[in-house]
Peer 1: 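Sharing a structure, written as structure tokens. Questions coming.
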Amino acid sequence: MSADVTGVTAVVVRLKLSLLRNGLRQSGGRRAAYIASAVVVFLFAALQLLGLVMLRDNAHAETVVVLLVAVLALGWAVMPLFFPGGDETLDPTRLVMLPLRPRPLVRALLAASLVGIGPLFTLCLFIGSVIAVAHGGLAYVVGVLAVVLALLVCVALARAVAAANIRLLTSRKGRDLAVLSGLVIAVGAQVVNFGAQRLGSSGLTQLDPAADVLRWVPPASAFGAVRSVSEGAYGIAALQLALTAAVLVALIAVWSRHLTRLMTSPDGSTLQAVTDAAVRDRAPSGAARLLPAGRTGTVMERSLRYVWRDPKTKAAWVTSLAIGLIVPLFNALQGTGSIYFACFAAGMLGIQMYNQFGQDTSAFWMVAMTISSPRDAYVELRGRALALLLITLPYATLVTVLTTALLGDWPALPEALGLSFALLGAMLATGAWTSARFPYSIPQEGYKNVAPGQTGLAWISIFGGMIAAALLCAPVIALTIWLNLREDGDTWTWLLLPAGAAYGATTTWLGLRLAAPRTAARLPEILTAVSKG
């Protein structure tokens, strides 16, 4: 029995190494990206290890260590949900046809999970955490046990989460869950920035209450045991280690149960969902009936369906919505914001107008067949712009009002809204033109947003269009500055709202009119460019 388990474990570990090696052999670019990412991760791990070592004997060392371990465990728990394709061995359904029992397979997959950059990075931080809080030979002995237990808990947690959700993650709807990674990264970056500023002003003392709770939550409790042994509290240390070991056993049991179910049960989890989706698609939508009749309404509905259903389009929208809200609000909360930061929301969503035809990928040929004149092209572009405005106008207004409320600068609301509407109109105009002049393909598979060889086109389209939009907004910006410099300017700044709205609408109309003839004339080139992915 032991030999069988050892043999299965060795085979699965070699399988993991083979998958990694064969993946790097596919292309030189992928190999270079992997090596570069590994070097960056190792350098970061080394710096973190050095920082933890320097934290030794600091009064708040345990607080930092406990919080760090808790954050690492949380990362291990959510990564399988956001990046299910990052590790091929996370999907145990690939082994269903093999004559393997769950218990040996669990041990084999647990060992294979310890191979990779992530486990090595986590190990470095755990070693540094032990050095930061351990005092005395017995504390270091307990620290070795704490590192092993904590690492196994993190790995088992990731595996249990992946096994419990693997049917969802391998479906189309499940893969859409990865679009939330952009939101999590955006929110997390701002939260870290906000927290760092607060800590810089008030110190680490305010984190002590949270650390007092987390030192009893596995796997952070294992490192709390190291500190308890250093202080001579051996009973508390034993209890903290026992908690971590109990959680490890529970996670392995949950993982084994889900694994048994996956290996023995048929996959009928998505059949009812598909049936329900088909019924919904056949039924007329109440919201769709509110759209304009004719081609304009059809184009708007198609664009909105792309936003809801296409993973790449949804990812771009979720990220833009999150960052457009977070940047002005977080700056306002920190007391360093400005009312004009609210224009960031209009700018982030205005980017969605760029490369409109590339979002259709190879399906654009069906659209191209319906465009036979500049008038058809104008109606097509107008429908896409109206679909974008249906989301952007209320969203930009909401963000501007919230930013104004946090800053308490209500007299500046009209001019901020006027600038936002003018910027949005300018970006719609330039986006329509660059969509026809610099189209590029968006690959449907993987995380790349530009097909190989078209990076230059993407840079010209997006950044060139943004610069042109900023120049188009110059009259409204100049009017805003002039009114604010006048002694009686506060009396007339309310005019910036209708002026900005009218200017944005006029700019959008002119941009669509100018882009329509070019779109109709360049249909073959556009179709070729957007079909390369």
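Counting begins at 1 with the first residue of the sequence.
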Peer 1: Take a 6.0 Å sphere around CZ of Phe42 and say whether it holds more than 12 heavy atoms from other residues, nucleotides or ligands.
Peer 2: yes
Peer 1: If we only count heavy atoms from C-beta on, is the Phe121 to Leu72 side-chain gap below 4.5 Å?
Peer 2: yes
Peer 1: How about Phe364 and Val367: do any of their side-chain heavy atoms sit closer than 4.5 Å?
Peer 2: yes
Peer 1: Check whether the side chains of Thr313 and Trp308 place a donor and an acceptor atom closer than 3.5 Å, and report yes or no.
Peer 2: no
Peer 1: Under 3.5 Å, is there a donor-acceptor pair between the side chain of Glu525 and the main chain of Ala436?
Peer 2: no
Peer 1: By side-chain hydrogen bond (donor to acceptor under 3.5 Å, both in side chains), which residues pair with Thr506, not counting sequence neighbours?
Peer 2: none
Peer 1: Kindly give the heavy-atom pair with the smallest separation between Ala529 and Pro439, and that separation in Å.
Peer 2: CB-O, 3.6 Å
Peer 1: Could you tell me whether the side chain of Tyr440 and the main chain of Trp459 form a donor-acceptor pair under 3.5 Å?
Peer 2: no
Peer 1: Are any side-chain N or O atoms of Arg522 and backbone N or O atoms of Leu527, one a donor and one an acceptor, separated by less than 3.5 Å?
Peer 2: no
Peer 1: Tell me, with the steps shown, if Trp76 and Val153 meet side chain to side chain contact (heavy atoms under 4.5 Å, CB included).
Peer 2: CA-CA 9 Å; Trp76 275 92; Val153 166; over 6 Å; no
Peer 1: Is the shortest heavy-atom distance from the side chain of Cys473 to the side chain of Leu423 under 4.5 Å?
Peer 2: yes
Peer 1: Just one of Leu325, Leu321, Val327, Ile326 clears the side chain to side chain contact (heavy atoms under 4.5 Å, CB included) bar with Val399, so which one?
Peer 2: Leu325
Peer 1: Can you confirm whether Leu157 sits close enough to Trp255 that some side-chain heavy atom of one is under 4.5 Å from a side-chain heavy atom of the other?
Peer 2: no
Peer 1: Any side-chain heavy atom of Trp365 within less than 4.5 Å of one from Asp360?
Peer 2: no
Peer 1: Can you tell if the side chain of Leu125 reaches within under 4.5 Å of the side chain of Leu49, non-hydrogen atoms only?
Peer 2: no
Peer 1: Can you tell whether the side chains of Glu380 and Arg302 come within less than 4.0 Å, N to carboxylate O?
Peer 2: yes
